[in-house]
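Here is the structure we will look at.
Note: hydrogens, waters and symmetry copies are ignored here, and every other heavy atom, side chains too, is used. All values derive from a computational prediction rather than experimental measurement. Naming: A, B, ... by sequence-line order, numbering from 1 per chain.
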There are 2 protein chains.
Amino acid sequence: MTPSPEQPARPAAAEPRRRSSARSTPTIYDVARAAGVASSTVSRAFSRPDRVNAETAARIRAVAADLGYRTNPLARALPTGQTSMIALATADITNPYYFELIRGAQAAAAERGYTTLLADAQESVAIEREGLERVIPTVEGIVLASTRMSDSAIRMLAKQRPVIAVNRDISDVPNVVTDHAMSMRQAVDHLADLGHRQITYLSGPEAAWANGMRWRSLRLYAGERGIHVRRIGPYAPTAGGGARAAADFPAVRSSAVIAYNDLVAIGFMRRLISFGARIPGDVSVVGFDNIFTSALTSPELTTVAPPLRTLGSMAVHNLLALIGGASPTTVRPLALPTRIYVRASTAAPATRRRSWRDAPAPREPATTRGNRLPSSG
Amino acid sequence: MTPSPEQPARPAAAEPRRRSSARSTPTIYDVARAAGVASSTVSRAFSRPDRVNAETAARIRAVAADLGYRTNPLARALPTGQTSMIALATADITNPYYFELIRGAQAAAAERGYTTLLADAQESVAIEREGLERVIPTVEGIVLASTRMSDSAIRMLAKQRPVIAVNRDISDVPNVVTDHAMSMRQAVDHLADLGHRQITYLSGPEAAWANGMRWRSLRLYAGERGIHVRRIGPYAPTAGGGARAAADFPAVRSSAVIAYNDLVAIGFMRRLISFGARIPGDVSVVGFDNIFTSALTSPELTTVAPPLRTLGSMAVHNLLALIGGASPTTVRPLALPTRIYVRASTAAPATRRRSWRDAPAPREPATTRGNRLPSSG
DNA sequence: TTGAAAGCGCTAACAG
DNA sequence: CTGTTAGCGCTTTCAA
């Protein structure tokens with residue numbers, strides 16, 4: 001049992017027998033050998049440079065550089081669980097509303113060394129589930145940018161990985177949201193300042209959280225300013241929905257309209273114009289979202305812009321905080337401020353109130369003011 | 001040295017000492033123990049079911065299921081190098097042009113069990129490089145959906161990972177492209193059939209490959225149909241560029257205009273209308289790309305739609321073939337067919353040719369025909 | 001068909 | 001500050 005003295009000690013096996021530095025990408029072992037240090041030192045030189053002698057670190061980096069060594073994130077992820085990846089789930093990547101949000105999230109993630117996995121649901125709950133399912137083991141956290149999932153499904157998800165919801169309020173799930181109250185106040189103030197006394201709200205989907213918020217805020221602020229409000233709808237949150245709203249629109253009643261979103265506003269304007277109405281001559285129109293297209297319509301649409309980019313970056317920022325160990329309660333929900341872009345679809349109401357339905361008149365060329373594009377927001 | 005008979009054999013060390021099945025997610029070892037098999041058998045049951053007895057496999061899957069076991073893609077990636085991830089690099093995720101392409105790529109990847117990493121360059125070459133750099137070690141291949149990189153940089157990249165370029169022709173790098181010739185032929189045929197005899201081309205960036213293709217094809221097909229062509233520009237590929245083109249536009253010369261892309265066409269129309277021109281009364285306008293907005297302008301824009309979705313899915317399809325070992329030469333470049341959407345911005349030329357600059361007239365309400373949205377393409 | 005054992009490339013105690 | 005030594009969870013020869 002006891003080895004005889006002259007018996008050679010077990011071969012030191014200093015560094016375990018690794019595959020020779022064949023071709024393929026160099027590893028820390030290759031660098032270690034070339035630099036004459038232990039592999040763990042190389043590892044430290046890259047992952048915690050402060051734990052290594054400055055000179056040694058420099059030498060290692062030099063050797064690594066000319067060997068073309070690059071840390072392998074996968075190999076690093078295995079022992080640490082830190083994949084440096086987060087997922088961004090959207091219900092529909094095709095929806096113009098989300099571009100800036102995605103970009104804001106992307107940029108914030110990249111800045112912190114995180115890579116973004118895109119999980120597009122393509123409008124299907126099943127695809128969303130499946131996509132998330134596949135992605136979960138790989139990511140450290142998830143931003144739910146828009147989702148069709150139920151509250152309970154989201155809570156479930158939040159048990160497996162840190163989750164931040166965007167523009168959705170679910171108890172126990174931290175989120176970042178737009179300041180819907182402020183956005184409506186901006187719309188109302190603008191119209192009121194112009195002299196409008198009645199406003200019609202083109203309602204969006206009843207299930208949409210934002211829709212309820214908008215209507216409630218509208219009543220509140222309009223009331224404060226002595227403005228009469230009414231609501232028609234609900235309509236689909238699309239240009240088609242807006243067109244239907246135009247057909248329903250009681251022209252004599254309101255000199256101003258606030259639509260659930262830009263798409264509805266645009267569809268509404270187009271249809272109304274085809275009926276012979278003048279905008280903003282007969283009716284002023286305000287939308288929400290400031291989608292790219294809203295600066296390209298005739299007339300250009302006055303709209304309230306959500307802080308999309310900020311929404312995206314804040315979501316990621318908070319998510320990374322969560323991942324870093326912050327408690328969900330610490331990550332306070334934050335309502336981000338909006339901004340109104342005044343363009344050509346709003347003006348003072350006509351002094352003589354008569355319906356455009358009585359006497360359709362030719363339109364005037366679109367005027368241009370404040371035609372800022374979304375990207376400058 | 002030779003162990004005495006009664007000496008116990010080295011402890012079997014059957015399965016190496018792993019951390020007890022503490023909390024956290026179950027591993028193949030947990031499943032193996034619960035199912036009474038070796039960990040390697042569990043591994044096989046999931047990665048190559050055909051190499052395992054059907055019953056055993058079934059039992060293992062059952063045990064795994066109720067343990068809640070799920071294969072860990074990261075752990076699998078380490079020994080095999082198969083991460084099941086591909087990267088999709090875009091120069092600007094905010095560009096409406098790419099939505100459907102991204103979605104097509106995403107869907108194709110998901111279908112084959114691949115996850116898509118989004119690398120948005122945010123218009124910066126530096127960010128693009130850096131993003132790609134970070135992502136390379138993690139992905140099995142890359143789709144370059146739009147990129148600012150130089151040809152040589154791309155060839156470099158292609159040495160590290162399989163690469164498919166979209167709408168870009170680089171020797172030695174397989175690609176998928178739109179059939180630019182066909183798309184221009186569709187535009188010319190449409191205008192010719194309407195009776196136009198002269199066409200003005202609003203040129204895009206000179207560096208853009210598509211721009212050269214379009215102009216060349218235009219000359220070719222217009223020639224075949226006896227149509228006179230001229231070109232003005234170059235202009236930025238934006239609505240602003242189109243507006244500048246409108247200022248330059250020699251109204252008397254052409255009854256029809258083909259723009260480099262939809263954005264240019266839209267900017268052109270708006271500015272021309274503000275000058276008092278009627279579209280399509282005075283000038284017919286055709287764009288390229290069929291971006292979302294083109295169905296929402298007044299008048300709605302006639303445009304030639306690239307097969308974006310197909311472009312995306314084909315790119316991924318070919319990329320996976322490459323990853324699967326297909327030789328680059330096998331993956332033949334393919335020019336995908338386009339489709340023209342005839343809307344309200346084109347009509348037969350006015351019988352009496354006079355310049356709208358002489359006598360601006362009030363516009364008519366937009367007509368509606370073929371106002372299909374991009375998503376239905 | 002199944003089991004044992006050696007890694008994939010990197011991190012992380014624990015000594016020294 | 002640096003080297004040694006176990007693994008992270010899975011795949012994969014090689015034997016049995």
Nearest whole angstrom, please: distance from the [atom2] of [N] to the [atom1] of [X].
{"X": "A:Arg33", "N": "C:dG9", "atom1": "CZ", "atom2": "C1'", "answer": "14 Å"}
{"X": "A:Arg51", "N": "C:dC14", "atom1": "CZ", "atom2": "C1'", "answer": "13 Å"}
{"X": "A:Asn72", "N": "C:dT11", "atom1": "CG", "atom2": "C1'", "answer": "13 Å"}
{"X": "A:Leu78", "N": "D:dC10", "atom1": "CG", "atom2": "C1'", "answer": "8 Å"}
{"X": "A:Arg59", "N": "D:dC1", "atom1": "CZ", "atom2": "P", "answer": "15 Å"}
{"X": "B:Leu67", "N": "D:dG9", "atom1": "CG", "atom2": "C1'", "answer": "15 Å"}

Considering non-hydrogen atoms only, spot the tightest contact between B:Ser146 and B:Tyr98 and give its length.
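Looking at all heavy atoms of both residues, the closest pair is CB-OH, 3.0 Å.
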[atom1]/[X] to [atom2]/[Y] distance, rounded to the nearest 0.5 angstrom?
{"X": "B:Thr41", "Y": "B:Ile60", "atom1": "OG1", "atom2": "CD1", "value": "6.0 Å"}
{"X": "A:Leu322", "Y": "A:Ile86", "atom1": "CG", "atom2": "CD1", "value": "12.0 Å"}
{"X": "A:Glu128", "Y": "A:Thr147", "atom1": "CD", "atom2": "OG1", "value": "3.5 Å"}
{"X": "B:Thr83", "Y": "B:Ile323", "atom1": "OG1", "atom2": "CD1", "value": "8.0 Å"}
{"X": "A:Thr115", "Y": "A:Glu140", "atom1": "OG1", "atom2": "CD", "value": "10.5 Å"}

Is it the case that atom CZ in B:Arg61 sees more than 12 heavy atoms from other parts of the structure closer than 6.0 Å?
yes
Helical bend (five base pairs per end, nearest 10°) for the helix from C:dT1-D:dA16 to C:dG16-D:dC1:
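That helix gives 30° between its end axes.
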Are any of the side-chain heavy atoms of B:Pro162 and B:Leu319 separated by less than 4.5 Å?
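Yes, side chains in contact.
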At under 4.0 Å between heavy atoms, which parts of nucleotides 11-16 of chain D does protein reach? Answer with one letter per nucleotide, 5' to 3': B base, S sugar-phosphate only, - none.
BBB---
